[in-house]
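A short worksheet on the structure shown next.
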There are 2 protein chains.
Amino acid sequence: MTELATTGTDLPRLRELNSLSIVRALRDHPPSTVTELSQRTGLSRPAVDVIAQGLVTDGWATVLEPGASSAVGRPARRYQFRAGAGYVVGVDVGVHKILALLADLDGNIVQSVRQSVAAEAAPAERLAVLDAVLDACVAGAGKSPGDIWAVTAAVTGAVDAAGRTSFFTPLPGWKSVDLAGHLGGRFSCPIVVENDCKLAALAERWKGAATDADDIVYLLGGMRNGAGLIIDGVLRRGFGGAAGEIGALKHVRWLNAPSHLQNCPGVPDTVSPDDAAAWVFNAARQGDKAARGAVNRYVKDLAVGAAALVLTLDPQVVVFGGGFSRSADLVLDPLRHELQRLCLRMPEVRASTLGADSVALGALKLSLNEVDTRLFSAGLSAPVAPRRH
Amino acid sequence: MTELATTGTDLPRLRELNSLSIVRALRDHPPSTVTELSQRTGLSRPAVDVIAQGLVTDGWATVLEPGASSAVGRPARRYQFRAGAGYVVGVDVGVHKILALLADLDGNIVQSVRQSVAAEAAPAERLAVLDAVLDACVAGAGKSPGDIWAVTAAVTGAVDAAGRTSFFTPLPGWKSVDLAGHLGGRFSCPIVVENDCKLAALAERWKGAATDADDIVYLLGGMRNGAGLIIDGVLRRGFGGAAGEIGALKHVRWLNAPSHLQNCPGVPDTVSPDDAAAWVFNAARQGDKAARGAVNRYVKDLAVGAAALVLTLDPQVVVFGGGFSRSADLVLDPLRHELQRLCLRMPEVRASTLGADSVALGALKLSLNEVDTRLFSAGLSAPVAPRRH
DNA sequence: ACGATTTTGTAAAGATCAAAGCGTATTGCG
DNA sequence: CGCAATACGCTTTGATCTTTACAAAATCGT
């Protein structure tokens with residue numbers, strides 16, 4: 001919706017405003033003619049024309065000279081947002097793997113590099129792998145760190161305003177790591193560190209299971225449960241970055257929930273503890289009684305925490321994601337049944353469509369949002385990588 | 001901060017934008033000179049001058065001719081927001097009483113009318129009292145219904161988007177009442193119906209215990225517990241209006257919490273059930289062992305629900321309000337202790353400073369917000385009461 | 001008491017920007 | 001090949017804000 005400046009607006013500012021609205025109209029649509037932009041923005045054709053030319057000279061847009069024309073009349077020049085003006089990075093610093101994505105300003109993924117890392121790796125080793133992955137990702141796309149406009153890193157555990165994970169993190173020795181500071185030494189652009197569940201929620205809203213919703217509770221189902229909250233279309237961190245950490249409440253037996261799967265009777269000794277859950281899901285799918293019971297107990301405990309979130313926020317959609325979302329076919333129906341029993345107003349319950357890459361994808365999206373915020377608040381002059389404040 | 005129009009902006013719109021910024025600058029400050037406004041908005045003095053004169057002719061502002069001057073130089077004309085251009089109403093349709101407040105656009109309360117009503121009164125009777133209170137309030141201020149720009153009514157229970165309380169309400173027969181429709185027959189301005197806890201939260205942020213916070217959990221402590229959530233400075237209703245209804249979760253023994261007070265041993269038979277809680281608080285304050293135990297059990301159960309809200313949202317402040325907030329001295333410290341035990345990051349815990357009138361005050365504030373939204377999105381032409389869409 | 005100083009009010013000039021109108025270029029169709 | 005339709009580019013016009021300048025009103029200093 002349209003908003004207003006708390007401060008007065010003069011003519012140059014007006015032009016900047018209109019330039020921004022043209023940029024928006026360009027970005028959300030395929031290459032457009034001046035008349036299309038004119039209709040879309042409400043501005044007159046001559047105005048759009050001169051602004052568009054200005055955007056081209058500034059490097060924000062490119063022109064496509066008319067080729068084969070399909071319509072009648074003189075073929076129109078088409079303007080196109082220059083997505084390659086800048087690039088953003090999102091990286092998932094996970095327990096078992098590190099995955100980096102590099103995309104242009106349209107969000108088209110240009111490069112993706114993944115490398116596994118030992119769960120018990122020390123911080124220094126993990127950071128070294130992270131650096132290698134980022135180097136490979138940036139270099140592989142033929143870019144340099146100066147071309148990157150924003151970097152977001154996803155970590156496990158509550159992230160405070162300073163980018164620290166002081167409260168809790170399953171990564172050994174990670175509490176004292178200043179990840180933002182480390183990345184700041186390698187990139188001069190804004191750096192964001194954020195919780196993995198929250199970023200996965202963002203990804204599901206971006207191009208996942210909840211693109212239509214503004215109020216979303218994302219459940220990360222895995223060996224550790226977590227949650228990410230999107231309220232009124234915006235990712236909510238809470239005052240101290242600890243929003244969604246309902247698992248800390250003992251009355252909600254959320255921490256115990258995965259243990260039902262891990263300790264399920266009948267799991268062969270040949271199966272490692274990490275793979276036990278997958279084995280149980282498979283067995284349940286094939287009718288194993290003990291496995292079905294374990295899954296049901298898991299869902300029952302999961303549902304209590306989910307219900308607490310749902311009752312607090314009354315969301316439109318609950319998305320079940322994380323490692324266990326591959327077995328969503330076994331989880332969703334009992335989860336719905338339990339929520340129906342526990343909640344006042346029943347939300348939709350959907351399975352994640354993004355799988356395990358959702359965290360890195362959400363990090364990418366947060367980087368894009370960061371660029372957007374800078375762009376649309378600071379105004380556009382010439383496209384250069386923003387520097388940290 | 002600043003903004004951006006998704007649509008293009010032309011010159012007339014520019015002047016409207018600047019007019020609005022002048023209105024804002026006028027409203028948040030005492031009567032101002034042109035130079036003050038110029039500095040505040042960044043506009044030039046002549047521009048402010050012509051805009052201010054336009055606002056006066058349109059009825060949005062009044063001029064104060066210079067009287068005794070304190071500073072050197074020629075005394076300046078002062079402009080003032082005409083708060084009397086319109087009025088808003090907030091009314092609390094409570095179980096035991098109905099309280100209506102009428103204020104001008106600055107939020108100055110002009111009239112307040114209260115009338116008690118039997119808890120078991122049928123809907124028709126309650127609506128009749130409501131009408132009488134509203135008539136007395138509007139007439140007592142020397143206004144007519146056409147002068148009212150927005151009306152907000154507070155009710156108990158979850159309110160859906162249509163203004164119905166279908167899920168739950170303690171008022172007998174109230175589920176089938178169309179309160180918005182009823183009020184719509186008496187006022188032509190926008191009508192809002194909202195949950196009482198949510199409105200009380202709004203009031204505490206407006207002029208209560210949490211004016212400095214943007215992330216607030218408001219606990220309504222009384223014979224029925226409730227909650228209102230303010231996230232990022234905005235009152236959150238949830239997708240279906242049922243946000244904050246954590247009491248519905250059985251694992252959170254919130255519904256039982258007040259019963260510890262009501263069923264406390266030692267309460268004389270002469271004390272009515274409604275007054276039992278007050279008696280217990282008094283006894284506890286004087287050292288009665290049984291009473292102290294009851295209060296502690298009450299707080300312990302209250303804290304579980306509060307912890308669920310706090311862990312979900314990670315707010316800056318928890319405000320304890322409602323009928324029991326008069327005994328906040330007994331509640332706050334044990335509540336803090338319990339929350340410390342249950343939560344990850346400890347929020348501030350404060351007592352309500354508004355008491356029982358907070359609900360009506362919050363309704364008034366929501367009416368003011370409604371007017372603001374219309375004003376700053378639809379633009380200002382001449383000050384007239386907005387009509388329902 | 002009178003002039004200097006400071007601040008306000010107002011008017012005119014200059015600059016910027018978008019809208020409206022009109023002529024021209026290019027293509028498709030008959 | 002000519003006509004119609006569409007798009008492009010230019011000019012004029014109108015609206016708005018800023019700058020500059022100057023007159024008016026009040027206080028301060030001598």
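Protein chains get the first letters and strands the later ones, always in sequence-line order, with residue 1 at the start of each.
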Whole-Å distance separating the CZ atom of B/R13 from the C1' atom of C/dC17: 17 Å
Backbone of A/T62 reached by a side-chain donor or acceptor of A/R82 within 3.5 Å: no
Check: B/T33/B/R77 side-chain N/O donor and acceptor closer than 3.5 Å: no
Distance in angstrom units between A/D10 CG and D/dA15 C1', rounded: 15 Å
Test item: side-chain donor near acceptor, A/S32 and A/R40, under 3.5 Å: yes
B/L17 CG to D/dC17 C1', straight-line distance once rounded to whole Å: 14 Å
Distance test, side-chain N/O of A/N18 to OP1/OP2 of C/dA18, below 4.0 Å: yes
Modelled atom types, side-chain donor and acceptor of B/S367 and B/T152, under 3.5 Å: yes
d(CZ, B/R15; C1', C/dC17) in whole Å: 16 Å
Of the listed nucleotides C/dA19, D/dT16, D/dT18, the one nearest the side chain of B/A47: D/dT18
Short side-chain to backbone donor-acceptor contact, A/S38 and A/V34, under 3.5 Å: no
Contacts under 3.5 Å, N or O only, protein and nucleotides 8-12 of chain D:
| residue | atom | partner | partner atom | Å |
| --- | --- | --- | --- | --- |
| D/dC8 | OP1 | A/R77 | N | 3.0 |
| D/dG9 | OP1 | A/R77 | NH2 | 2.7 |
| D/dG9 | OP2 | A/R77 | NH2 | 2.8 |

For atom CD of B/E16 and atom P of C/dA18, their distance in whole Å: 17 Å
Gap between atoms CG and P, on B/L11 and C/dA15 respectively (whole Å): 18 Å
Distance in angstrom units between B/I51 CD1 and D/dC17 C1', rounded: 9 Å
Sidechain-backbone polar pair: A/D28 side chain, A/A25 backbone, donor-acceptor under 3.5 Å: no
